[in-house]
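Notes for the one structure printed next.
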Amino acid sequence: MTSPSGDRAVAILCHYFPPLNSSGAKRMEALSAYFAEWGEEVVVISTTKSGTVADLSETPPPGVTLLEVDPLGRLRPSRASSAVSASSPASAVGQTTGQKLKAFVMRLLGQLPDPRLSFALAMASPFLAAEVKEVLRRSRVAIGTAPPWPVLLAAVIAKRRFRVPVVLDYRDNFSNCHEMPGGKFAKRLELTVDRFLARRADLVVTISDPMTDYYGRMSSGTVTVMNGFDARRMTAARAAAPYVADREGPAIVRYLGVVTPGRIPHALLAALEELVAEGVASSRDVQFEFYGDALVLQEHLAGRPNDLRDMFRFLAPVPYDVALQKIVTADWLLFVEHAVPPRPGEEASAAGILPTKMFEYASSGRPILADVAANTLMGGFIRAAGDMHVVGNDPASFRRALTSPMFARPPECAVSEAVQAASREHQSRKYLDVISRFR
């Protein structure tokens, strides 16, 4: 394929990318798809994944070349395995020895000991595949996206080895990240490494203005290109699985994705516990469905009354298009962030997060139960997205919603202009304009 820039490609270095099924893959998946559709040659250089530890159910975008490399830099495509279980990802409560060891290491050294460091080192490897070297030598720009942070290091190494301009793309803060563990020593070490990387970028791109302000203090050029939603796939999901209001059974509230300690809906649970104790609500009235790893929530609920726990179902993650259908057919969608307040120094990270899930929910036409403070960037966005959405971090807000006559079968929400402007197509066009300086 000949790009508008001649034979100069756009290289994207990443870990999260199809066939991996992860919300972290959606930004670069959409970016690469639109770039290719608009005539750019796009080559994605990614890590080899094993189907025994990952859900490899997605398909790379058409027109995009995918090169997956092993720790030595040799081409090795990811392979799905029949050993992957289709059952719930967290059927047992409690940490394994390996998980406990990982938690200890992360408390001590933070994110730095990352298994994806081998991907960064592969960019300097004498065994790096000839196809990868050829692409990086003729690319007009290489975009390295994080998390995980070693991809940023991979991009910096590629810049030095192949003399290619580098854009570092931050979907979350690396340093001072409010969702990642680590003591003071680990946080200082991460900040030192992050500054080293950002200062070597030709451009830094982040997903929100607070993050841009943060990285603007480390880099000479920083711009914002938000996350967003895939309007085409959302439209297709609504056509394939229209919402059915005229049905029997409880209200269905759905959460799609991983539950971290910062995503436990404390205010909502407090309201539910009150209503269960009063005999006002039960599993016959409402069911909460969680698709993805929700072990921390299961552990949190372990000591709660049976009548409360009976309201919750924990299910395996599903392919992306199926996930969108789950979103558009839910009565309500649950959104949670900031359940754990940020520590000093992590305020910019907490303020700046605008996850893909928020845009997908807001574009679905279904109302949102958002257990997040209304005065945050996320809370303000969801409130502005529609009057039906419930936003707050006090139990009273959710009690009112849960006891409302329309809770069981709420009407469809109009999708606001602000949400429509956050489509992946719109943001990809902005991204392409941003990197047009590299020719």
Side-chain angles (χ1 to χ4, degrees), residues 12 16-40 42 44 55-64 66 80 86 225-247 252-257 289-292 315-335 354-368 381-382 385-386 388-389 409-432:
I12 296 176
Y16 293 101
F17 197 81
L20 185 63
N21 178 18
S22 169
S23 61
K26 297 309 167 189
R27 180 173 174 87
M28 288 300 136
E29 179 184 353
L31 204 70
S32 63
Y34 281 111
F35 282 9
E37 183 178 313
W38 296 331
E40 297 286 340
V42 183
V44 174
D55 178 3
L56 304 179
S57 59
E58 296 298 301
T59 302
V64 175
L66 174 61
V225 181
M226 291 195 306
N227 274 326
F229 69 98
D230 192 321
R232 295 176 184 174
R233 294 175 80 169
M234 184 62 74
T235 299
R238 296 177 75 171
Y243 175 72
V244 179
D246 185 18
R247 69 176 199 278
I252 302 297
V253 182
R254 288 186 176 134
Y255 179 99
L256 283 292
E289 296 179 355
F290 287 77
Y291 292 84
L315 305 156
V318 294
Y320 183 62
D321 288 319
V322 177
L324 292 182
Q325 292 177 24
K326 296 292 183 184
I327 288 173
V328 300
T329 55
D331 294 305
W332 291 82
L333 299 164
L334 176 61
F335 181 83
L354 288 174
T356 295
K357 184 187 300 141
M358 181 191 74
F359 295 101
E360 290 170 344
Y361 283 7
S363 66
S364 68
R366 304 310 307 150
I368 302 169
F381 182 90
I382 296 172
M388 283 288 297
H389 305 310
R409 300 292 181 268
E412 184 167 338
C413 300
V415 179
S416 69
E417 291 184 7
V419 174
Q420 293 176 34
S423 71
R424 292 286 191 192
E425 182 176 4
H426 181 87
Q427 297 304 318
S428 295
R429 181 66 71 184
K430 181 177 179 181
Y431 213 122
L432 191 59

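- One finds no salt bridge joining E37 and R424 here, because no Lys/Arg side-chain nitrogen approaches an Asp/Glu carboxylate oxygen to under 4.0 Å.
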query = Given the rule in the side-chain contact (heavy atoms from CB on, under 4.5 Å) test, do V44 and M28 qualify, once you have shown the distances and angles that lead to the verdict?
reply = CA-CA 9 Å; V44 174; M28 288 300 136; over 6 Å; no
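- Counting only heavy atoms from C-beta outward, the side chains of F17 and P61 approach each other to under 4.5 Å.
- A heavy-atom distance below 4.5 Å is not found between the side chains of P18 and T59.
- Between P242 and T329, the shortest heavy-atom distance links the atoms O-CG2, 4.0 Å.
- The shortest non-hydrogen separation linking T356 to G228 is CG2-O, 3.8 Å.
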- request: Determine, step by step, whether R27 and L31 satisfy the side-chain contact (heavy atoms from CB on, under 4.5 Å) criterion, reporting the C-alpha distance in whole Å, the side-chain angles of both residues, the deciding distance to 0.1 Å, and the verdict.
  value: CA-CA 6 Å; R27 180 173 174 87; L31 204 70; 5.6 Å; no
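- The backbone N or O of K326 sits less than 3.5 Å from a side-chain atom of R254, completing a donor-acceptor pair.
- A salt bridge (Lys or Arg N to Asp or Glu O under 4.0 Å) with R233 holds for exactly one of E425, E58, E360; it is E58.
- Using a 4.5 Å heavy-atom cutoff, the side chains of P410 and R366 are in contact.
- The minimum heavy-atom distance linking P411 with P367 is given by the pair O-CD, 4.2 Å.
- With hydrogens and angles disregarded, no donor-acceptor distance shorter than 3.5 Å links the side chain of N227 to the backbone of P355.
- Listed for the K357 side chain is no donor-acceptor partner under 3.5 Å among the backbone atoms of F335.
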Show, in sequence, the C-alpha distance, side-chain angles and deciding distance for Y243 and R409, and conclude whether the side-chain contact (heavy atoms from CB on, under 4.5 Å) test is met. CA-CA 10 Å; Y243 175 72; R409 300 292 181 268; 3.7 Å; yes
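- Legend: residues meeting side chain to side chain contact (heavy atoms under 4.5 Å, CB included) with R429, ordered by chain and number and at least two apart, are W38, L432, D433.
- At least one donor-acceptor pair closer than 3.5 Å links the side chain of D331 to the backbone N or O of I252.
- Judged purely by distance below 3.5 Å, without hydrogens or angles, the side chains of Q427 and Y34 never pair a donor atom with an acceptor atom.
- Between atom CD of residue Q420 and atom OG of residue S363 there is a gap of 9.5 Å, rounded to the nearest 0.5 Å.
- In plain terms, the two heavy atoms of H389 and I382 that are nearest each other are CD2-O, 3.3 Å.
- To the nearest 0.5 Å, the span separating OH on Y255 from CG on L333 amounts to 12.0 Å.
- Two residues are said to be in side-chain contact when any heavy atoms from C-beta on lie closer than 4.5 Å; V64 and V42 meet this criterion.
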Apply ring pair (Phe, Tyr, Trp, His ring centres under 6.0 Å) to F229 and Y361, showing your working.
CA-CA 9 Å; F229 69 98; Y361 283 7; over 10 Å; no
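- Interatomic distance, OG of S423 versus CE of M226, reported as 9.5 Å (0.5 Å rounding).
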Legend entry - Worked check of side-chain contact (heavy atoms from CB on, under 4.5 Å) between L20 and D55: CA-CA 6 Å; L20 185 63; D55 178 3; 5.6 Å; no
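- Using a 4.0 Å cut-off between charged nitrogen and carboxylate oxygen, K26 and E29 count as a salt-bridge pair.
- Here the shortest heavy-atom pairing between V328 and A241 reads CG2-O, 3.5 Å.
- Taking every heavy atom of both residues into account, L324 and A237 meet most closely at CB-CB, 3.7 Å.
- Within the model, atoms SG of C413 and CE of M388 stand 5.0 Å from one another, a figure rounded to the nearest 0.5 Å.
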